[in-house]
Amino acid sequence: MPNQKTKKEKTTDDKPLNERSVLTDKNEAEKPAKRTARRTTAKKTAEPKEKTAENATAEPKKTPAAKRPSRKAAAKKAPAAEPIPVAAEQAPELPQPRRSVAFIGSECYPFVKTGGLGDVMYALPKALSRLNCDVKVILPKYRCIPQQFHEKMVWRGTFRMDLCADGRAFHVGIMEYVWDGVVYDFIENDEFFSTGNPYTNLIDDIPRFCYFSKAALAALNYMNWIPDVIHVHDWQAALVPVYLRTLFADTPVASARTILTIHNLRFQGVYNVPTIQYWTGLPDSVFEMGALKQGDQDANLLKGGIAYADRVTTVSQTYAWEIQDPFYGDGLDAHLRYHSGKLSGIVNGIETTLWDPASDALIPANYSCSNAVAQKRANKRALQEELGLEVNEGKMMIGLISRLTDQKGLDLVNSILPQMLDGNTQFVVLGTGDQRYEDSFRWFENNYRGSVCSNIMYDETRAHRIYAAADALLVPSLFEPCGLTQLIAMRYGTVPVVRETGGLKDTVQPFNTYTGEGNGFTFDRYESGLLLDAINRAKTLFFTERARWDEMVVRDMEKDVSWERSAMLYRSLYLEIKP
Ligand code: ADP
């Protein structure tokens with residue numbers, strides 16, 4: 001094992017990356033107008049800029065340190081991410097003051113998405129940009145990002161960054177894409193991001209996201225874009241607050257405050273201390289029980305992020321409470337209770353322009369509240385034909401769109417499926433994941449042909465069609481930080497049947513047969529009998545009181561599931577930590 005202390009001191013004293021980054025692009029930062037022009041003529045200008053960046057990074061120490069802008073000055077000088085014409089036109093109505101926010105996370109629709117995190121990284125920045133925030137989203141440049149986006153990216157700069165405890169350095173490229181008021185900066189490094197999927201296994205993922213977290217901060221310094229707030233997401237970016245307060249403490253970006261949002265506490269990025277110490281080059285002081293250390297031998301990246309972030313949020317209020325309990329806390333409940341003063345929950349929304357049955361190009365029959373009942377039937381018939389189910393609009397179609405893991409309550413579904421299929425009900429599942437669930441759903445399809453269709457795949461188009469066609473959608477999760485499928489379902493007039501946990505509890509109000517209020521059907525304990533009971537209550541209303549069911553369809557479509565309110569809450573939080 002190398003002497004960590006020596007390596008650490010060397011890294012800090014030399015300030016190899018951070019100082020360099022500030023110095024090299026100083027001139028660039030003072031020319032925001034030129035930068036805008038360069039984006040539109042990317043290919044023409046790429047070459048000369050590359051030379052500048054490389055020359056500059058090759059000779060970092062030639063520029064006197066005294067010329068470095070002070071943290072405050074750098075923060076003041078930091079240019080806006082990008083002039084946003086739409087925002088400028090609406091300026092008089094925008095909430096004040098303007099805030100700049102860097103989002104750092106491992107996935108973002110439409111570039112790369114494996115679940116809800118990708119949706120949030122797409123929709124929240126857009127909603128914030130409408131609320132007078134300059135937002136820059138920083139992501140890895142995975143090879144699996146569709147070619148059409150690679151082609152649109154503009155080269156922003158290149159530098160080398162020391163990463164490991166032994167001083168091993170890596171290339172960092174910044175590729176930029178500006179779209180709809182949001183700037184996307186992709187961190188490019190083929191050694192780390194050339195695999196097909198964003199996530200492979202922890203052995204590869206730990207170094208990859210240690211690199212990404214540090215490179216994201218270094219890129220902010222390099223671009224001299226110093227945000228008010230750095231908003232990081234999940235364990236893959238949880239090292240950002242740790243780096244910020246240690247190795248980057250004397251650099252311009254340290255003036256930013258940090259928020260860590262936990263989208264799913266189950267994934268924490270845990271590995272043995274020597275490996276993480278090596279790949280991060282972080283000082284010994286962060287490998288203590290109050291920060292990264294866990295148990296005797298491990299380091300936990302999410303735990304470190306929770307300790308170092310100025311605020312920690314989860315994606316629903318109920319989940320923020322639940323994770324302080326050992327059952328939901330996944331080993332971090334005590335740590336979260338200790339930090340409960342800075343922990344809160346803000347429920348997710350959905351991007352209502354993307355998820356809009358009135359304009360959705362992926363569904364056969366568009367609809368709004370006024371014609372939802374008839375048009376949903378047309379969508380149901382079309383999907384029944386497409387999937388080889390019995391074409392009969394009188395059947396109740398129950399959908400399930402999910403990663404197929406034990407989080408999602410699939411054991412409950414498997415144990416009641418035969419009872420659910422009463423001859424008048426069809427079941428359509430869309431998902432990929434654990435082999436045992438994929439196999440069991442295939443088995444059901446084979447044994448209940450015409451009534452069950454198992455789509456073991458990831459397919460956006462099919463997801464849209466199921467949301468539009470189904471009468472009800474199951475979300476019986478064991479735990480659910482927020483859950484987006486129930487929100488999308490409501491937007492499409494599909495009645496959710498959910499377990500009362502996390503965001504499901506916060507977003508689905510149970511139907512009250514006496515008052516006629518509510519948006520869906522719910523059950524509390526994690527028991528298959530209770531799921532079956534909730535489904536049966538839904539069926540009873542559907543088959544015997546269709547008018548009341550149809551009223552609920554419209555009520556669901558009218559429910560506000562947009563990001564607007566939640567984006568306001570995030571904005572308030574930003575102002576709280578950076579007034
Ligand atoms: P999680 O993040 O735990 O996977 P969420 O409910 O927060 O669950 O988000 C799931 C998102 O992924 C939704 O947008 C849903 O439509 C989408 N999704 C899940 N599985 C599939 C699939 N197989 N094909 C297409 N979209 C899917």
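Each ligand, and each atom within it, is numbered from 1 in the order the structure gives. Start at 1 with the first residue, then count along the sequence. Because only heavy atoms are used, hydrogens play no part in the values below, and waters and symmetry mates are left out as well, while side chains stay in.
If you number the atoms of ligand 1 from 1 as listed, the ones under 4.0 Å from a heavy atom of Met457 come out as 22 (C), 23 (N). Per-residue contacts place Arg403 under 4.0 angstrom from the following atoms of ligand 1 (heavy atoms of the residue considered): 1 (P), 3 (O), 4 (O). Heavy-atom contacts of Thr485 reach the following atoms of ligand 1: 6 (O), 15 (C) (cutoff under 4.0 Å). When each atom of ligand 1 is checked for a heavy atom of Gly431 under 4.0 Å away, the hits are 23 (N).
Counting only distance, with no hydrogens or angles, the side chain of Thr425 and the backbone of Leu421 share no donor-acceptor pair below 3.5 Å. Judged by distance alone, the side chain of Lys342 and the main-chain N or O of Ile306 form a donor-acceptor pair under 3.5 Å. At least one donor-acceptor pair closer than 3.5 Å links the side chain of Gln407 to the backbone N or O of Phe479. Not one N or O on the side chain of Tyr308 forms a donor-acceptor pair closer than 3.5 Å with the backbone of Val240.
In this structure, atom 6 (O) of ligand 1 lies nearest to the protein heavy atom Leu484 N, 2.8 Å.
Under the 4.0 angstrom criterion for non-hydrogen atoms, Ser402 is in contact with ligand 1.
For ligand 1, the polar-atom distance check finds no N/O of Trp355 at less than 3.5 Å from any of the ligand's N/O atoms. Annotation: Gly116 places an N or O atom under 3.5 Å from an N or O atom of ligand 1; distance criterion only.
Put simply, CG on Asn519 and OG1 on Thr507 are 8.5 Å apart, with the number rounded to the nearest 0.5 Å.
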